[in-house]
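To start, the structure under review is shown below, and the notes come after it.
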Amino acid sequence: GAFFDVNNGELDVLTHIQEIAYSRINHPDEVLEVGKNYDLKVISVDLNKLQVGTSIKQLGPDPFEHISNYEVGKTYSVTIKKIVDYGCFCELEPGLSTLLHSSELSWTKKNASAKKLFKIGDTIDCVITEIDKEKRRVAISYRLARENPFELLEKKHPVGSEITGKISSINEYAIYLKIEDIGIDVFLHSNDLSYK
């Protein structure tokens, strides 16, 4: 967080990092400058510990009040603000954060990495999958905003049709082939290679 001198050093107060902005930030220096004056709202006083908690974000409007503008199942453009091991945090609008979990990045990759796909500041289309007003959480999916390649395969190449693929790997019991026009790997078991 950030410490502030109030009344020329008469009192030191703390603004926790979560009380600086509604947006997710990694460090207070992303939005605050040492030596600059800021308006603060007192949100807690602990007389035993002689501590005063303050907030900057609570002086402005709460962006979560706009959540009624958004619907589950619809696609929206979001901006990537923070990338973590388990996905990334994005904003629907300034201060209105969402979580894009790594399990919602790709139809075909189980352990897709947000760090390999995106960078901070990227704008991407995602589908809202959950809005929890009580917990103030919004979950989104990147993969749902793209065509499901397995459904595309079924449309373009129904069961019984012939397809051509490029071998991507071989082991003792199967061959894996990449279907180029769809971008997915298919499995060819060794029992299906020949009638012999």
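Only heavy atoms go into these numbers, but all of them, side chains included; no hydrogens, no water, no symmetry mates. Worth saying up front: this structure is predicted, and the values here are computed from it rather than measured. Residues take their numbers from the sequence shown, with the count starting at 1.
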Please report the closest heavy-atom contact between [X] and [Y], naming both atoms and the distance.
X: Asp62; Y: Arg136; value: OD2-NH1, 2.8 Å
X: Arg146; Y: Trp107; value: O-NE1, 3.3 Å
X: Phe118; Y: Leu105; value: CE1-CD2, 3.6 Å
X: Pro28; Y: Ile17; value: CD-CD1, 4.0 Å
X: Asp185; Y: Ser168; value: OD1-OG, 3.5 Å
X: Ile56; Y: Asp39; value: CG1-O, 3.9 Å

Pairwise side-chain contact, [X] with [Y], heavy-atom cut-off 4.5 Å (strictly under):
X: Ile167; Y: Tyr176; value: no
X: Leu144; Y: Glu104; value: yes
X: Phe64; Y: Arg137; value: no
X: Val127; Y: Ile140; value: no
X: Cys126; Y: Leu100; value: yes
X: Leu32; Y: Tyr38; value: yes
X: Ile175; Y: Leu177; value: yes
X: Phe4; Y: Thr15; value: yes

Assess whether atom [atom1] of [X] is packed by more than 12 heavy atoms of other residues, nucleotides or ligands within 6.0 Å.
X: Asn171; atom1: CG; result: yes
X: Glu154; atom1: CD; result: no
X: Asn37; atom1: CG; result: no

| said: The test is side chain to side chain contact (heavy atoms under 4.5 Å, CB included); show your working for Asp125 and Tyr76 and say whether it passes. | reply: CA-CA 6 Å; Asp125 288 336; Tyr76 299 94; over 6 Å; no
Rounded distance [0.5 Å steps], [atom1] in [X] versus [atom2] in [Y]:
X: Leu193; Y: Tyr173; atom1: CG; atom2: OH; result: 13.5 Å
X: Ser190; Y: Glu172; atom1: OG; atom2: CD; result: 9.0 Å
X: Glu19; Y: Ser44; atom1: CD; atom2: OG; result: 9.0 Å
X: Leu96; Y: Thr98; atom1: CG; atom2: OG1; result: 7.5 Å

Same apolar cluster (I L V M F W Y, side chains within < 4.5 Å links), [X]/[Y]:
X: Ile184; Y: Leu117; value: no
X: Leu11; Y: Val34; value: no
X: Leu14; Y: Val6; value: no
X: Ile179; Y: Leu152; value: yes
X: Ile43; Y: Val31; value: no

| Glu147/Lys155 under side chain to side chain contact (heavy atoms under 4.5 Å, CB included): CA gap, chis, key distance, verdict | CA-CA 12 Å; Glu147 187 166 19; Lys155 278 184 213 165; 3.3 Å; yes
Donor-acceptor check, side chain of [X] to backbone of [Y], threshold 3.5 angstrom: yes or no?
X: Lys57; Y: Gln18; answer: yes
X: Glu91; Y: Gly95; answer: yes
X: Thr129; Y: Ala139; answer: yes
X: Glu151; Y: Asn148; answer: no

| Of all residues at least two apart in sequence or in a different chain, which pass the ring pair (Phe, Tyr, Trp, His ring centres under 6.0 Å) check with Phe150? |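 Listed in chain order: nothing, the list is empty.
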Show me the donor-acceptor pairs, under 3.5 Å and distance only, between side chains in residues 78-88 and residues at least two apart or in other chains.
residue	atom	partner	partner atom	Å
Lys82	NZ	Asn26	OD1	3.3
Asp85	OD1	Lys115	NZ	3.1

| request: Before giving the answer on side chain to side chain donor-acceptor pair (under 3.5 Å), spell out for Glu93 and Tyr70 the whole-Å C-alpha distance, their side-chain angles and the decisive distance to 0.1 Å. | output: CA-CA 11 Å; Glu93 60 184 73; Tyr70 301 95; 2.6 Å; yes
| Candidate pair Val138 and Ile128, rule side chain to side chain contact (heavy atoms under 4.5 Å, CB included), full reasoning | CA-CA 7 Å; Val138 180; Ile128 293 179; 4.1 Å; yes
| Distance-only side-chain donor-acceptor flag, Thr123 / Ser77, under 3.5 Å |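 No donor-acceptor contact under 3.5 Å links the two side chains.
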